Protein chains: 2
Amino acid sequence: MDSAPPAPPSSLPPSPWLPFESRRRARDEKREAVLRAAVQLFLEQGYHRVTLNEVAERLNITKPALYNYFRGKDEILFECWSMGAELVDSVITEINAGGGSGLAKLRKLVHAYAALMATDFGASLVRFDLRDLTERNAGVARAAKKRIDATFRKYIAGGIDDGSIRSCDPKLAAFAIAGALNWIGHWYQRDGEFSPTEIADEFTVRLTEGLATEGRQQMTKKTPRAPQRRNSGRATTGKKRTGGGTR
Amino acid sequence: MDSAPPAPPSSLPPSPWLPFESRRRARDEKREAVLRAAVQLFLEQGYHRVTLNEVAERLNITKPALYNYFRGKDEILFECWSMGAELVDSVITEINAGGGSGLAKLRKLVHAYAALMATDFGASLVRFDLRDLTERNAGVARAAKKRIDATFRKYIAGGIDDGSIRSCDPKLAAFAIAGALNWIGHWYQRDGEFSPTEIADEFTVRLTEGLATEGRQQMTKKTPRAPQRRNSGRATTGKKRTGGGTR
DNA sequence: ACTTTTTCTTACCCGCGGGTAACATATCGG
DNA sequence: CCGATATGTTACCCGCGGGTAAGAAAAAGT
């Protein structure tokens with residue numbers, strides 16, 4: 001995007017625009033650095049317990065310097081939240097661009113969303129309290145949430161239509177799935193037992209196939225598999241075999 | 001003085017301090033009245049945005065009076081939380097007392113827990129931030145949460161053993177289910193579209209049976225619903241309906 | 001009645017932390 | 001080298017709200 005304009009003859013550095021551009025870039029990078037530091041602290045300690053001094057300190061600057069990039073604390077919070085929202089939006093547009101049954105799309109969404117919940121900006125989507133935002137920003141956030149929720153419902157409803165999903169209430173089903181996913185943002189920790197991929201893989205299966213044996217395979221005797229060791233550590237690590245070949 | 005029918009937002013359980021009568025209620029009842037008022041405000045506005053003056057005002061007393069019953073704001077929060085925890089505990093002991101397969105117990109738990117999430121004290125279990133508690137109380141709360149989570153896992157693991165639940169990772173499955181349930185505490189509202197019973201009923205089914213029709217090999221009783229055409233998921237068509245485009 | 005104890009009020013303290021003003025310094029265009 | 005514009009610092013303000021001190025007003029005991 002930064003095509004250098006025709007370099008002027010003499011020895012001077014070519015474009016006067018480049019400095020401007022790079023300066024803006026530098027600014028944006030700093031802005032983002034603030035957000036990264038802030039989101040981390042907010043998640044770690046909770047918005048209200050984090051002071052702007054702490055945020056600044058972690059960046060080796062002082063509090064008033066933050067006001068060069070943001071109008072106030074609540075705007076920082078909102079921008080963190082927005083970063084997460086943008087990630088989700090891009091996931092959705094990509095899925096929408098592709099094809100597949102309602103169930104297939106839902107699975108893609110579940111998988112990507114689960115992985116997102118294991119990131120800082122993703123988690124901020126569900127761990128920040130919208131009541132800390134200005135009424136204006138809270139409205140934007142609510143609208144975004146609504147769009148996301150609508151997407152879940154749309155995929156489910158579509159899946160019911162095309163027969164890939166059994167008949168059920170799309171609204172409640174979406175709540176259930178989104179709830180399970182959102183909760184990841186509350187318990188996941190980087191140094192935990194499960195990797196984001198493992199979580200995403202397992203949730204994709206569990207949330208669409210359920211638990212009960214009833215009515216599915218298990219036609220063969222119910223031989224007690226794994227008499228003792230349920231959950232052999234890392235049990236489900238390998239490629240997920242979604243039962244009888246999904247899709 | 002002004003006639004003092006202090007008509008605060010009606011619909012609230014009248015406080016024991018109302019003008020001049022019933023000032024001789026038992027201490028414990030007053031304590032609980034404080035908790036009921038507090039939990040409502042905390043859920044409504046968020047812990048940090050609620051002042052003790054507001055809590056007191058809603059009870060027709062003044063802030064320092066609260067200190068006759070609690071050591072401080074954080075203790076009020078903790079006691080609210082504990083109320084919810086006790087409710088869950090009693091549910092669990094009751095289920096443990098009864099019998100049934102792992103799946104049956106899990107379903108009972110899901111049903112009762114879902115209903116609990118639609119109550120104030122139940123929701124406080126998942127909407128309050130344990131970091132607002134003293135280290136001591138936070139420890140108690142973490143332990144209680146752990147016990148609850150362990151119960152979910154125990155039922156699931158038991159169900160795998162007795163064959164009522166298909167093999168899976170009990171830990172992640174418990175996270176998924178508990179997450180879906182906990183999230184109820186975030187979106188449920190009394191005047192909403194669904195009653196607690198409806199939610200509990202639907203979640204019990206959805207969380208244990210899954211969504212996918214997964215045609216293929218179903219044969220045992222209970223022909224799966226979904227009379228729709230069985231469209232093998234393969235996307236032979238570029239674009240499914242995906243609903244009517246809008247919602 | 002009288003003390004004693006519990007409950008509640010009035011009046012205050014004070015630390016925390018978001019936000020601002022005024023000033024210093026670096027950067028850049030020219 | 002010189003203004004103009006970003007960028008950052010030091011020092012301060014001040015409102016909010018949790019918590020407390022001291023004492024009034026009921027209740028309860030005797």
Side-chain angles (χ1 to χ4, degrees), chain A residues 5 8 10-34 37-38 41-42 45-79 129 131-134 137, chain B residues 1 4 6 15-34 37-38 41-42 45-79 129 131-134 137:
Chain A
S10 66
S11 61
L12 281 178
S15 157
W17 299 97
L18 268 181
F20 176 81
E21 268 291 321
S22 78
R23 219 167 125 160
R24 197 183 65 75
R25 270 260 305 273
R27 185 184 167 82
D28 284 354
E29 276 176 29
K30 289 184 189 173
R31 220 182 112 99
E32 230 184 274
V34 173
L41 284 168
F42 289 164
Q45 313 184 27
Y47 178 68
H48 293 281
R49 276 172 296 276
V50 175
T51 72
L52 290 185
N53 277 324
E54 288 178 89
V55 176
E57 194 178 1
R58 191 168 279 209
L59 295 162
N60 300 318
I61 56 177
T62 57
K63 174 175 64 172
L66 296 173
Y67 285 82
N68 281 319
Y69 303 98
F70 302 94
R71 304 180 102 86
K73 194 185 182 187
D74 63 288
E75 183 174 306
I76 297 181
L77 185 73
F78 176 69
E79 293 296 329
D129 191 338
R131 291 171 296 195
D132 288 320
L133 271 40
T134 62
N137 284 343
Chain B
M1 309 315 185
S15 97
W17 284 276
L18 268 180
F20 297 103
E21 65 201 60
S22 69
R23 275 205 167 176
R24 56 193 59 179
R25 292 280 179 83
R27 185 182 167 83
D28 284 352
E29 276 179 31
K30 290 184 187 173
R31 220 183 113 98
E32 228 184 276
V34 173
L41 284 169
F42 289 164
Q45 312 184 27
Y47 178 68
H48 293 282
R49 277 171 294 276
V50 175
T51 72
L52 290 185
N53 277 324
E54 286 178 272
V55 176
E57 193 178 3
R58 197 171 274 211
L59 294 162
N60 301 318
I61 56 177
T62 57
K63 172 176 63 171
L66 296 173
Y67 284 82
N68 282 315
Y69 305 97
F70 303 94
R71 302 181 104 89
K73 195 184 183 188
D74 63 288
E75 185 174 304
I76 297 180
L77 185 73
F78 176 68
E79 294 296 328
D129 190 338
R131 291 170 298 195
D132 288 320
L133 269 41
T134 61
N137 284 342

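Side-chain atoms are counted along with the backbone in the values below, which use heavy atoms only and exclude waters and symmetry mates. Just so it is clear, the model here is predicted, and its values are computed rather than measured.
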Take the protein atom [atom1] of [X] and the nucleotide atom [atom2] of [N], then report the distance between them rounded to whole Å.
{"X": "B:D28", "N": "C:dT6", "atom1": "CG", "atom2": "P", "result": "15 Å"}
{"X": "A:E29", "N": "D:dT7", "atom1": "CD", "atom2": "C1'", "result": "16 Å"}
{"X": "A:R27", "N": "C:dT27", "atom1": "CZ", "atom2": "P", "result": "16 Å"}
{"X": "A:N68", "N": "D:dT9", "atom1": "CG", "atom2": "C1'", "result": "11 Å"}
{"X": "A:L59", "N": "D:dG8", "atom1": "CG", "atom2": "P", "result": "10 Å"}
{"X": "B:I61", "N": "C:dT9", "atom1": "CD1", "atom2": "P", "result": "6 Å"}
{"X": "B:F70", "N": "D:dT20", "atom1": "CZ", "atom2": "P", "result": "16 Å"}

**Asked** Looking at D:dT9, D:dG8, C:dT9, which one has an atom nearest to any side-chain atom of A:T62?
**Response**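 That would be D:dT9.
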**Pairs meeting criterion ring-ring contact (aromatic ring centres under 6.0 Å, His included) with involvement of residues 53-73 of chain A, two or more places apart** =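 Qualifying pairs, neighbours excluded: none.
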**Item:** Shortest non-hydrogen contact between B:D74 and B:L133, atoms and distance
**Value:**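 Smallest heavy-atom distance, with atoms named: O-CD1, 4.3 Å.
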**Request:** Measure across A:L66 and A:L52 and return the closest heavy-atom pair with its distance rounded to 0.1 Å.
**Result:**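 Reported closest heavy-atom pair: CD1-O, 3.6 Å.
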**Asked** Roughly how far, to the nearest 0.5 Å, is OG1 of B:T134 from CD of B:E75?
**Response**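 Reported value, rounded in 0.5 Å steps: 8.5 Å.
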**Prompt:** With sequence neighbours excluded, what pairs up with B:D129 under the side-chain contact (heavy atoms from CB on, under 4.5 Å) test?
**Reply:**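 If we apply the side-chain contact (heavy atoms from CB on, under 4.5 Å) test to B:D129, skipping adjacent residues, the hits are A:R49, B:R131, B:D132.
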**Request:** State which residues pass side-chain contact (heavy atoms from CB on, under 4.5 Å) with B:N68; sequence neighbours excluded, sorted by chain then number.
**Result:**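 B:N68 satisfies side-chain contact (heavy atoms from CB on, under 4.5 Å) with no residue once adjacent residues are dropped.
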**Request:** Ignoring backbone atoms, test whether B:Y69 places a side-chain nitrogen or oxygen under 4.0 Å from the OP1 or OP2 oxygen of C:dT7.
**Result:**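 It does not, given that no N or O in the side chain of B:Y69 lies less than 4.0 Å from OP1 or OP2 of C:dT7.
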**Request:** Ignoring backbone atoms, establish whether A:K30 has a side-chain N or O less than 4.0 Å from OP1 or OP2 of D:dG8.
**Result:**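 Checking D:dG8 against A:K30, a side-chain N or O does come within under 4.0 Å of OP1 or OP2.
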Can you list, pair by pair, the side-chain donor-acceptor contacts under 3.5 Å of residues 54-64 of chain A, counting residues two or more places apart and other chains?
{"unit_1": "A:E54", "atom_1": "OE1", "unit_2": "A:Q45", "atom_2": "NE2", "d": "3.4"}
{"unit_1": "A:E54", "atom_1": "OE2", "unit_2": "A:T51", "atom_2": "N", "d": "3.0"}

Could you list all N or O pairs between the protein and nucleotides 3-5 of chain C that sit under 3.5 Å apart?
none

**Request:** Let me have a per-nucleotide readout for nucleotides 13-19 of chain D, 5' to 3', with B, S or -, counting only protein heavy atoms under 4.0 Å.
**Result:** ----SBB
**Prompt:** How far apart are the C-alpha atoms of A:I76 and A:Y47, what are their side-chain angles, what is the distance that settles it, and do they pass the side-chain contact (heavy atoms from CB on, under 4.5 Å) test?
**Reply:** CA-CA 10 Å; A:I76 297 181; A:Y47 178 68; over 6 Å; no
